[in-house]
There are 2 protein chains.
Amino acid sequence: MAPRGETKERILAKALESFSTIGYDGTSLDDLAEALDIRKQTILYHFVSKRGLLNAVLDDSVKKLTESLEEVLTSTNSNRDRIEDLVRSVFRVALEQPLLLGLLREVSRPGSPAAPRLKNQMSPLMSRAITWMEEEMESGRMRRTDAQLVLLSAYSTVVGLATEIEILRTAGVERVLRPAAQRRQELLNFLRTSLTPLEKQTI
Amino acid sequence: MAPRGETKERILAKALESFSTIGYDGTSLDDLAEALDIRKQTILYHFVSKRGLLNAVLDDSVKKLTESLEEVLTSTNSNRDRIEDLVRSVFRVALEQPLLLGLLREVSRPGSPAAPRLKNQMSPLMSRAITWMEEEMESGRMRRTDAQLVLLSAYSTVVGLATEIEILRTAGVERVLRPAAQRRQELLNFLRTSLTPLEKQTI
DNA sequence: GGATTTTTCTACCATTTGGTAAGTCTTGGC
DNA sequence: GCCAAGACTTACCAAATGGTAGAAAAATCC
C-alpha cells in the first residue's frame with residue numbers, strides 16, 4: 001500500500017489528463033480506476049465524489065498556474081519587459097503543461113458544473129491584473145483601454161493555443177513549436193499596440 | 001403528427017444547441033427528447049444512434065459553414081479585399097451562429113469520436129484554401145509562408161472567439177460586439193502582415 | 001507488538017444510458 | 001375504401017455509472 005499522499009497525487013494527475021482530453025462527462029470513474037490499477041472506491045475515498053475530484057483537480061491546476069504567474073507579476077521589471085515576461089511565462093506553461101489549459105478550456109464552457117468555481121478561483125488573479133493595468137493607465141504608462149477586454153482576449157488566445165497544440169500533436173505534426181512561437185509573437189504585438197501609449201510607439 | 005422533415009429539423013436544431021453547450025457526452029437522448037416533447041425512440045428512428053445524430057448535426061453544420069465561405073472564395077475581388085471579405089464572413093457566422101462554432105470547438109477536441117469525420121468534412125475546404133494561397137504565393141501576390149500554419153492560426157482565433165462570446169454572454173456582458181470587432185481587426189492585421197508581400201506593405 | 005488510524009478493497013445498489021422489438025397511428029396513392 | 005410506407009410511441013433491456021456499507025489490510029504511534 002502506498003504511504004502518504006502518493007495515490008492521491010496519481011489520481012489527480014490521471015484525472016487531469018482524462019478531464020482535459022476526453023472531458024468531464026466522458027471520463028468514468030471506473031475507467032479512471034482501471035487506468036490506475038486501482039479500485040474505484042479508492043478514488044471516492046480520497047475525493048468523496050466525482051464532482052469533488054473535479055474540484056480538486058481544478059484547485060490544483062489553478063494553483064500551479066497562479067504560481068507560474070505570481071513571480072512575474074511581482075517582478076520589478078519595466079512595463080514593457082513585464083508584458084513580455086508575462087506572455088512568455090504563460091506560453092511556457094501552455095507548452096509544458098497543455099493538459100492544464102485543456103482543462104481550462106473544458107471547464108470554462110458555459111454550463112459546465114465547475115465554471116463558477118473556476119471563476120471564483122481565477123478572479124483574484126484576474127482582478128489583480130486588471131487593477132495593475134488600470135494603475136498603469138492612470139499614470140499614463142499604458143494606453144487607456146478596457147483592461148478586461150484585453151485580458152479576455154489574451155486569455156482566449158492562450159487557451160486557443162493549448163487546443164491548437166493538442167490538435168497538432170494528435171494530427172501528427174512534429175514541429176509544434178513554430179506555430180506556438182508565431183502565436184506568441186502575434187499576442188505580444190497585439191498587447192503592445194493595445195497598451196503602449198501612442199507617443200511612445202516605435203513601430 | 002408532423003409531416004415532412006419538420007421533426008427531424010427540430011431534433012437537429014436542439015441537438016446542435018445541446019452538443020455545442022453541454023457537450024456530446026453531457027447530452028442524453030432522454031433529456032433531448034424531453035426538451036422536444038418527443039419520445040427518445042423518435043430520435044433513434046431518424047438518426048439510428050446517438051453517434052448518427054452527432055454525424056448528422058456535424059454534416060449539417062459544416063454544410064452551412066461551407067456555404068457561407070463558398071461565395072467569398074469564388075468571388076473575383078482583389079486579394080486584399082478577398083482576405084477581408086473572408087474574415088468578415090467568418091466572423092459574421094461566428095456572431096450569428098455561435099452554436100455552430102461551439103460545436104466545432106467541442107468536436108475538434110482530440111479524442112472526440114467525431115474528430116476524424118470533421119477532419120474529412122473540412123479538408124476539401126481547407127485544401128482548397130491552401131491551394132489558393134499557394135498559387136498566390138507562387139505568383140508573388142502573397143508572401144511566402146506556411147499556408148497551413150496561417151490557416152490554423154486563423155481557425156483557432158475564430159473558434160477562440162466563439163468561446164469568448166459565449167463566456168461573455170453567460171458572464172452577463174451585454175456588449176458582445178466590441179470585443180468581437182477587436183479580435184476581427186486583430187486577425188485581419190495578422191493575416192495582412194503575414195500574407196502581404198514585403199514590397200507592397202504600406203503599414 | 002499491539003492499538004489505532006489511514007488506506008484500500010469486496011460486495012452491492014439505484015439510476016441513467018443508449019439501444020432493440022414490436023407495435024399504433026397517420027398520410028398519401030390508387 | 002384499402003393498404004403500404006412513413007412517422008411516432010410503448011414496453012423492455014443490458015450495460016455502465018456514480019455512489020454506499022462495511023470488511024480487510026497496511027502504516028503509524030505508543
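Computed over heavy atoms, backbone and side chain alike; hydrogens, waters and symmetry mates excluded. In what follows, every chain begins at residue 1, and chains take the letters A, B, ... in the order their sequences are listed.
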A.B. asks: Minimum heavy-atom separation for B/Ser61 to B/Leu103, with atom names?
C.D. replies: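 Shortest heavy-atom separation between B/Ser61 and B/Leu103 comes out as OG-CD2, 3.6 Å.
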A.B. asks: For A/Tyr24, does its backbone N or O pair with a side-chain atom of A/Lys50 as donor and acceptor, under 3.5 Å?
C.D. replies: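 Judged by distance alone, yes, a pair lies under 3.5 Å.
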A.B. asks: Please check the phosphate of D/dA7 (OP1 and OP2 only) for any side-chain N or O of B/Thr7 closer than 4.0 Å.
C.D. replies: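 Looking at the OP1 and OP2 atoms of D/dA7, neither is under 4.0 Å from any side-chain N or O of B/Thr7.
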A.B. asks: Atom CG in B/Leu44, atom CD in B/Gln41: separation rounded to 0.5 Å?
C.D. replies: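 Here the rounded value is 6.0 Å.
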A.B. asks: Check A/Lys14 against A/Ala35 and note the closest heavy-atom contact, atom names and distance.
C.D. replies: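 In terms of heavy atoms, the two residues are closest at CE-CB, 3.8 Å.
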A.B. asks: For the side chain of B/Gln41, counting heavy atoms from C-beta on, which of D/dG19, D/dT9, C/dT8 is nearest?
C.D. replies: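 Closest nucleotide to the B/Gln41 side chain: D/dT9.
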A.B. asks: Rounded to whole Å, how long is the line connecting atom CD1 of A/Ile11 with atom C1' of C/dT7?
C.D. replies: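 Spelled out: CD1 on A/Ile11 to C1' on C/dT7 is 11 Å.
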A.B. asks: Rounding to an integer number of Å, can you tell me how far A/Arg51 CZ sits from D/dT17 C1'?
C.D. replies: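 Spelled out: CZ on A/Arg51 to C1' on D/dT17 is 16 Å.
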A.B. asks: Could you identify which residues of residues 24-40 of chain B place a heavy atom less than 4.0 Å from some atom of DNA chain C, listed by residue number, or say none?
C.D. replies: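 When residues 24-40 of chain B is checked for heavy atoms under 4.0 Å from DNA chain C, the hits, listed by number, are B/Thr27, B/Ser28, B/Leu29, B/Lys40.
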A.B. asks: What is the separation between atom CZ on A/Arg10 and atom C1' on C/dT7, rounded to the nearest whole Å?
C.D. replies: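 Rounding to the nearest Å, CZ of A/Arg10 and C1' of C/dT7 are 14 Å apart.
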A.B. asks: How many Å lie between CD on A/Glu6 and C1' on D/dA27, as a whole number?
C.D. replies: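 In whole Å, D/dA27 C1' and A/Glu6 CD are 13 Å from each other.
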A.B. asks: Return the minimal non-hydrogen interatomic distance between B/Asp59 and B/Arg117, and the atom names on each side.
C.D. replies: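 Scanning both residues, the minimum pair turns out to be OD2-NH2, 2.9 Å.
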A.B. asks: Among D/dG18, C/dG19, D/dG6, which is the nearest nucleotide to the side chain of B/Tyr45?
C.D. replies: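 The answer is D/dG6.
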A.B. asks: What is the distance, rounded to the nearest whole Å, between atom CG of B/Leu44 and atom P of C/dA21?
C.D. replies: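 It works out to 13 Å between those atoms.
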A.B. asks: Tell me whether the side-chain N/O atoms of B/Thr42 come closer than 4.0 Å to OP1 or OP2 in D/dA7.
C.D. replies: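 False: B/Thr42 side-chain N/O out of range (4.0 Å or more) of D/dA7 OP1/OP2.
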A.B. asks: Measure across B/Leu32 and B/Thr27 and return the closest heavy-atom pair with its distance rounded to 0.1 Å.
C.D. replies: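 Nearest heavy atoms, B/Leu32 then B/Thr27: CD1-CG2, 4.1 Å.
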A.B. asks: Below 4.0 angstrom from OP1 or OP2 of D/dC8, is there any side-chain N or O of B/His46?
C.D. replies: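 Yes, because at least one side-chain N or O of B/His46 sits under 4.0 Å from OP1 or OP2 of D/dC8.
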A.B. asks: Grab the CG-P distance between A/Leu53 and D/dT17 for me, whole Å please.
C.D. replies: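 Going from A/Leu53 (CG) to D/dT17 (P), I get 15 Å.
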A.B. asks: Using five base pairs at each end, measure the axis-to-axis angle across the helix from C/dG1-D/dC30 to C/dC30-D/dG1 and round it to 10 degrees.
C.D. replies: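 It works out to 10° between the end axes.
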